Number of protein chains: 2
Amino acid sequence: MRVPRLVDHDQRRAELGAAAIRVILREGLGGVTVRGVAAEAGWSTGSLRHYFRNQHELQSYVVEATTDALRRRVLPRVRRPRTASSAVEGVASILEEMLPLDAGRREEYALWSAIVEWERQHPSEGGSVTWNEQRALHRQAVALLRGHEPAQDLDRAALPHPDPEVELWAALLHTFVDGLAAQIVNTPGQMPAGTAGRLLRALLRAVPPAVPPVVPPVVPPAVPPARPDR
Amino acid sequence: MRVPRLVDHDQRRAELGAAAIRVILREGLGGVTVRGVAAEAGWSTGSLRHYFRNQHELQSYVVEATTDALRRRVLPRVRRPRTASSAVEGVASILEEMLPLDAGRREEYALWSAIVEWERQHPSEGGSVTWNEQRALHRQAVALLRGHEPAQDLDRAALPHPDPEVELWAALLHTFVDGLAAQIVNTPGQMPAGTAGRLLRALLRAVPPAVPPVVPPVVPPAVPPARPDR
DNA sequence: GCGGAAATAGCACATGCGTGTTAGTTAAGC
DNA sequence: GCTTAACTAACACGCATGTGCTATTTCCGC
């Protein structure tokens, strides 16, 4: 069999994905057109369409690739060990990594927003992946605040916490941080970085402390009791 | 002087505005095109362009008109007297009027979102009008929760409250409700109406009550500031 | 009546989009 | 060197958009 020139499709697609990300940052997900991305990458539309049959396939790939890229960028940052003067300060500095407080994080937030928009318009069964990951992060944050042992791996943090109070405050905190990020970008005049940080810390201080360790945080048998939430 | 046929421009523009609102609900603010709105209203583009010179003028008018219409629809509802079993319940039922919990309020939220998007892309000096109004509403809510006299008129509520704790919790609550609304529409699977209501009430219960004017901030050793029940 | 300004309807042009098709180019295997 | 499949580039079609321009209709004041 004769094998003509071969190119690495995955690598090509990654190259296109990088160009598409630049387009998203400049014009939003709606600007991710076949022509636009091809021009950004310096290719012709015909070439691009050897790797993506249509616009949906292109956007779908870009959303997936962007999600992965953001994960790889953000996760190490929130897992970075830090010297904090208090639990509140430690958790606040973690959560601030998620807020669009400077140019770099504003870019990341714009990408997250584009992904959320995509997920809203193309709902997948099993719920939003990014939502579940964010919830796990806030669950960890609240557990830390209340003095629980942090979950070892990320999969563990994806499960509901045995302490229902952790679940409740994780939901409250998650929702609040979502709103905070939205206000920072939508009404930056009314929500400058300093105000955002103060509000975040104020809410963290409002998280009630765990009751004294009558029962240490031993993971109980696999079945958590039915919780009112969710 | 000869006066030809005269039509009420304001009334025409209002008619166009109503058609544009229908278009926004169907296709978003991006769908507000000269052709689209004209077709929705049953006119030709040439006619429409006697009242709006270009697309920007059309969208600008629509945003303004929609803001006014929403104000007129929502304000009486949040001011409706209610019989509540508690302060938390009373405030919760007010704030729920702002959440996209049913078809009607989802429509209103979609319109609010379109306005916020417009304001973000076309920032005006003096900050966002809608943001300030929302903040005033939450300020009132927190004041109510803490047992203050409610402000008489709306202009009064637009000013910062003398109690700094009211200002702080108004900001926290405002941000939280923003996030709640966003999650309800963006990830409805993870944030159904019942959960949203429970989270809202949980946060309202976390608002610290006003200290009785007996002993303000005498901090007993090792006891964190006043906390809600439970 | 009727002149004429306002109002209306419609067309034309340039632009940008997704997508289908087609001709040219490249390079591995024979 | 030749063949052939993959790759590249470009064009064409249909559609939608904003906007400028031009007939056509309407109706008040004379």
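Keep in mind that what you see is a predicted model, and the values were worked out from it rather than measured. Lettering of chains follows the sequences in order, A, B, ..., and the numbering in each one begins at 1.
Per the geometry, CZ belonging to B:Arg12 stands 16 Å off P belonging to C:dA6, to the nearest Å. Following rounding to the nearest Å, B:Glu15 (CD) and C:dA7 (P) show an atom-to-atom distance of 14 Å. Between A:Leu48 atom CG and D:dA10 atom P there is a gap of 14 Å when expressed in whole angstrom units. As a whole-Å value, the separation of A:Phe52 CZ from C:dG20 P is 16 Å.
Under 3.5 Å, the side chains of B:His161 and B:Arg139 contain no donor-acceptor pair of N or O atoms. In this model, no donor atom of one side chain and acceptor atom of the other lie less than 3.5 Å apart for A:Gln55 and A:Thr33.
Within residues 114-123 of chain B, no residue is approached by DNA chain C to less than 4.0 Å at the level of any non-hydrogen atom.
Taking side-chain N and O atoms only, A:His9 has a distance below 4.0 Å to OP1 or OP2 of D:dC7. The side chain of A:Ser47 places no N or O atom within less than 4.0 Å of a non-bridging phosphate oxygen (OP1 or OP2) of D:dC7.
Checked against side chain to side chain contact (heavy atoms under 4.5 Å, CB included), A:Ala18 has the following partners two or more places apart in sequence or in another chain: A:Arg22.
A 4.5 Å side-chain heavy-atom check between B:Leu25 and B:Ile21 finds at least one atom pair inside the cut-off. Taking 4.5 Å as the limit, every side-chain heavy atom of B:Trp169 sits out of range of all side-chain heavy atoms of B:Phe176.
In this structure, B:His138 has its ring center no closer than 6.0 Å to that of B:Trp131.
Within a 6.0 Å radius of CZ in A:Arg82, other residues, nucleotides and ligands contribute more than 12 heavy atoms.
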Next item on the list: Could you give me the CA-CA distance, side-chain angles and deciding distance for B:Glu96 and B:Arg201, then say whether salt bridge (Lys or Arg N to Asp or Glu O under 4.0 Å) is met?
Entry: CA-CA 10 Å; B:Glu96 276 178 335; B:Arg201 285 164 177 78; 2.9 Å; yes
Notebook entry, point to check: In the 5'-to-3' direction, what one-character label does each nucleotide of nucleotides 11-20 of chain D receive under the scheme B = base within less than 4.0 Å of a protein heavy atom, S = sugar-phosphate only, - = no such atom?
Noted result: -B----BBBB
